[in-house]
Amino acid sequence: MPTFLEPLSWKNSQGESNFTLVLALTAPSHAGSLDQLITRSIKKLDAHLTIPLTMATETTTQAARLQGYNAEDARKLAQQQVQGLATMSQMFKLATQKDNVISSNLHYADSQFDLNGSKMSLQEFMSMFGLPVPNRDCNLNGVSACF
């Protein structure tokens, strides 16, 4: 089955952000529930994101300038927005911050997720994002998936 590898990079005068995604799929076998389908269809998932705060601030400053803010106000607004994003992403455990870089790492294999060092099951991962958690007793053969 296919494997997807997608590096993406964005660079400006203050640094470079990177996102990589490796997704290896398997031929889905007969699955009785949504979580079984996911478990049997995804062999491996690796995603890695790094965003230097200075680079994000510069990008956000440029966007504010395009919206009509003067240079000083654009820089202040950008710093507030980027710091707010960094704080929220850490608070919700979506990212970490070290050496002025926001980063996030997601790994999935063998029915186990690892998000920034926190290991969890599919159900725990889905509930972390407020997604309906699949009920193992629901059958997908009749199109209806229970949650």
**Asked** Would S103 and T96 satisfy side-chain hydrogen bond (donor to acceptor under 3.5 Å, both in side chains), going step by step from the backbone distance to the final call?
**Response** CA-CA 5 Å; S103 63; T96 59; 3.1 Å; yes

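- Side-chain contact between S17 and P52 is present, with at least one heavy-atom pair separated by less than 4.5 Å.
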**Request:** Quick one: do M126 and L122 satisfy side chain to side chain contact (heavy atoms under 4.5 Å, CB included)? Show the steps, please.
**Result:** CA-CA 6 Å; M126 291 179 71; L122 172 63; 3.8 Å; yes

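- Remark: side-chain polar atoms of T60 are not paired, donor with acceptor, to backbone N or O of L77 under 3.5 angstrom.
- What you find for A86 and Q97 is that their closest heavy atoms are CB-OE1, 3.6 Å.
- Here CZ of F19 is found 10.5 Å from OG1 of T50. Values are rounded to the nearest 0.5 Å.
- Atom-to-atom distance recorded for L106:CG and L49:CG is 11.0 Å, nearest 0.5 angstrom.
- Every residue was checked against the side-chain contact (heavy atoms from CB on, under 4.5 Å) condition with D110, not counting sequence neighbours, and none meets it.
- The environment of M88 atom CE is sparse: at most 12 non-hydrogen atoms of other residues, nucleotides or ligands sit within 6.0 angstrom.
- Transitive grouping of hydrophobic side chains (ILVMFWY, heavy atoms separated by less than 4.5 Å) keeps W10 and L53 in distinct clusters.
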**Prompt:** Going through the checks in order, is the side chain to side chain contact (heavy atoms under 4.5 Å, CB included) test met by L8 and N18?
**Reply:** CA-CA 6 Å; L8 175 66; N18 293 291; over 6 Å; no

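- Shown here for E16 and K11, the closest heavy-atom pair between the two residues is OE1-CE, 3.7 Å.
- Here NZ of K44 is found 14.0 Å from OG1 of T26. Values are rounded to the nearest 0.5 Å.
- To the nearest 0.5 Å, atoms OG1 (T57) and CD (Q83) are separated by 8.0 Å.
- Atom-to-atom distance recorded for E58:CD and Q62:CD is 4.5 Å, nearest 0.5 angstrom.
- The hydrophobic cluster containing V101 does not contain M91, counting ILVMFWY residues as joined when their side-chain heavy atoms lie under 4.5 angstrom apart, directly or transitively.
- Neither L66 nor M55 shares a network with the other; the hydrophobic side chains, linked directly or stepwise wherever heavy atoms of I, L, V, M, F, W or Y lie under 4.5 Å apart, form separate groups for each.
- Here the closest non-hydrogen pair linking S89 and I102 is OG-CG2, 4.3 Å.
- Using modelled atom types, one side-chain atom of S127 and one backbone atom of E124 make a donor-acceptor pair closer than 3.5 Å.
- Distance CG/N116 to CD/Q90: 10.0 Å, rounded to 0.5 Å.
- Applying the ring-ring contact (aromatic ring centres under 6.0 Å, His included) test to F113 and every residue at least two apart in sequence or in another chain returns Y108, F125.
- Under a 3.5 Å cut-off, the side chain of S104 and the backbone N or O of L94 do form a donor-acceptor pair.
- The side-chain hydrogen bond (donor to acceptor under 3.5 Å, both in side chains) with N12 is formed by just one residue from the set T61, T54, T59; it is T59.
- Enclosure of atom CZ in F92 is not indicated, since only 12 or fewer non-hydrogen atoms of other residues, nucleotides or ligands lie within 6.0 angstrom.
- In this structure, L115 and M120 have side chains that are in contact, with non-hydrogen atoms separated by less than 4.5 Å.
- Each salt bridge (Lys or Arg N to Asp or Glu O under 4.0 Å) pair with one or both residues in residues 111-120, not counting sequence neighbours, appears once here: D114-K119.
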**Request:** Kindly indicate, with the supporting measurements, whether the criterion side chain to side chain contact (heavy atoms under 4.5 Å, CB included) is fulfilled by Y69 and K76.
**Result:** CA-CA 10 Å; Y69 287 89; K76 287 178 185 176; over 6 Å; no

**Request:** Verify side chain to side chain contact (heavy atoms under 4.5 Å, CB included) between T20 and D46, making sure each step is shown before the conclusion.
**Result:** CA-CA 8 Å; T20 56; D46 278 306; over 6 Å; no

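- Taking every heavy atom of both residues into account, K93 and M128 meet most closely at O-CE, 3.8 Å.
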